[in-house]
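Input: a single structure, listed below in structure tokens.
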Amino acid sequence: HYPLRRQRQMCIRDRFIPGRDLYLAACKQHGQEPDFGYSRVVYIADDMDTARREAADAVKRFFGLADEAMATLQDDATRQALIEGGYQFYTTPALLELGKMSADDIIDAGLAFVGTAESVARQLTDFHAEAGFNEFCIISAFGGLDTNLAQRTQERFAREVRPGFE
């Protein structure tokens, strides 16, 4: 039903995993225990179509704002300072593409976990197996999403998704 999902997820992971590996290597080199947290936009509804429909505008606004913010970081001096500080990810063209993506593209790329509690749990399980983070923070109030819908996602995540990770 969403055929480009796997291909786009691979692109995102190709950009994410090297940074994660660099962090883990630095922790090991300096004798530190890694504390690797991860956050993701999450939206849960009873079925996938409802979730996509209800979250679409807010997903687009949220990632559009990130795109606008990233555009301000692209002058040469700022780019160099970010690179020297270890924040080279914020200088990549990939971030500037966010504003050009549709809500469906963002969701299909795995940038937002939008769907049923089961599908969100599956995405989180798959990404945890690959990335190995030890803390996950949901972003449920994003892009001007109605407060009641954000609260519903928080409650459903706590009740239906989180218990699988205890």
Side-chain angles (χ1 to χ4, degrees), residues 1-17 19-20 36-75 78-79 82 85 87-128 130-131 133-165:
H1 190 57
Y2 304 107
L4 298 177
R5 175 180 207 150
R6 178 67 66 195
Q7 178 184 355
R8 290 196 175 119
Q9 282 182 334
M10 294 307 297
C11 292
I12 298 305
R13 288 183 174 138
D14 288 347
R15 292 183 177 113
F16 173 79
I17 297 298
R20 187 254 354 236
F36 185 55
Y38 190 73
S39 61
R40 179 67 73 207
V41 165
V42 173
Y43 187 79
I44 298 172
D46 289 337
D47 62 78
M48 184 64 80
D49 291 334
T50 299
R52 284 177 174 261
R53 185 180 67 254
E54 290 177 350
D57 290 342
V59 164
K60 182 65 176 155
R61 277 191 302 272
F62 179 82
F63 285 93
L65 291 173
D67 176 59
E68 290 175 24
M70 291 300 113
T72 67
L73 303 176
Q74 299 305 309
D75 67 87
T78 303
R79 285 174 54 84
L82 288 167
Y87 295 98
Q88 60 271 17
F89 180 72
Y90 293 104
T91 68
T92 63
L95 290 177
L96 295 174
E97 295 297 316
L98 291 174
K100 297 179 181 112
M101 295 172 73
S102 71
D104 281 335
D105 287 342
I106 291 165
I107 294 165
D108 291 344
L111 293 171
F113 293 168
V114 174
T116 64
E118 295 80 17
S119 70
V120 167
R122 190 171 42 257
Q123 286 181 284
L124 185 55
T125 298
D126 291 349
F127 197 69
H128 181 262
E130 187 172 356
F133 53 86
N134 59 312
E135 184 176 319
F136 182 74
C137 177
I138 71 169
I139 302 170
S140 60
F142 57 90
L145 185 71
D146 179 84
T147 303
N148 292 323
L149 295 176
Q151 183 174 353
R152 181 186 75 191
T153 287
Q154 290 173 356
E155 291 169 353
R156 291 195 67 179
F157 187 91
R159 190 175 57 248
E160 300 173 48
V161 177
R162 187 180 180 285
F165 293 91

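Every residue two or more places apart in sequence or in another chain was checked for a ring pair (Phe, Tyr, Trp, His ring centres under 6.0 Å) with F142, and none qualifies. Here R152 pairs with E54 under the salt bridge (charged side-chain N to carboxylate O under 4.0 Å, His left out) rule; sequence neighbours left out.
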Original post:
Between V120 and R156, does a side chain to side chain contact (heavy atoms under 4.5 Å, CB included) hold up when you go through it step by step?
Top reply: CA-CA 11 Å; V120 167; R156 291 195 67 179; over 6 Å; no

**OP:** Mind running side chain to side chain contact (heavy atoms under 4.5 Å, CB included) on S39 and I139 for me, showing each step along the way?
**Re:** CA-CA 7 Å; S39 61; I139 302 170; 4.1 Å; yes

Subject >> Test log, rule side chain to side chain contact (heavy atoms under 4.5 Å, CB included), inputs V41 and F63 >> reply: CA-CA 10 Å; V41 165; F63 285 93; 4.2 Å; yes

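With a 4.5 Å cut-off on side-chain heavy atoms, T116 and D46 do not count as touching. Side-chain contact between T125 and H128 is absent, with no heavy-atom pair separated by less than 4.5 Å. Between Y43 and L149, some side-chain heavy-atom pair lies under the 4.5 Å cut-off. In this structure the side chain of F157 reaches within 4.5 angstrom of the side chain of F136, judged on heavy atoms.
Going from atom CD of E118 over to atom CG of D47 covers 11.0 Å, rounded to the nearest 0.5 Å. Taken to the nearest 0.5 Å, the OG atom of S140 stands 10.0 Å off from the CD atom of E155. Interatomic distance, CD1 of I138 versus CZ of F113, reported as 11.5 Å (0.5 Å rounding). Here CG of L145 is found 11.5 Å from CD of Q151. Values are rounded to the nearest 0.5 Å.
Between R162 and A158, the closest heavy-atom pair is CB-O, 3.9 Å. The two atoms that bring M101 and A109 nearest to each other are CE-CB, 4.1 Å, heavy atoms only. A pairwise comparison of heavy atoms in A56 and A103 identifies O-CB, 3.4 Å as the closest pair. Pairing each heavy atom of A141 with each of A150, the nearest pair is CA-CB, 3.9 Å. Summarising the geometry of G115 relative to M48, their closest heavy-atom pair is CA-SD, 3.6 Å, with the distance given to 0.1 Å. Considering all non-hydrogen atoms of both residues, V114 and A55 come closest at CG1-CB, 4.2 Å.
Using a 4.0 Å cut-off between charged nitrogen and carboxylate oxygen, R52 and D108 count as a salt-bridge pair. Classification of K60 and D105 as a salt-bridged pair fails, no side-chain N sitting under 4.0 Å from a carboxylate O.
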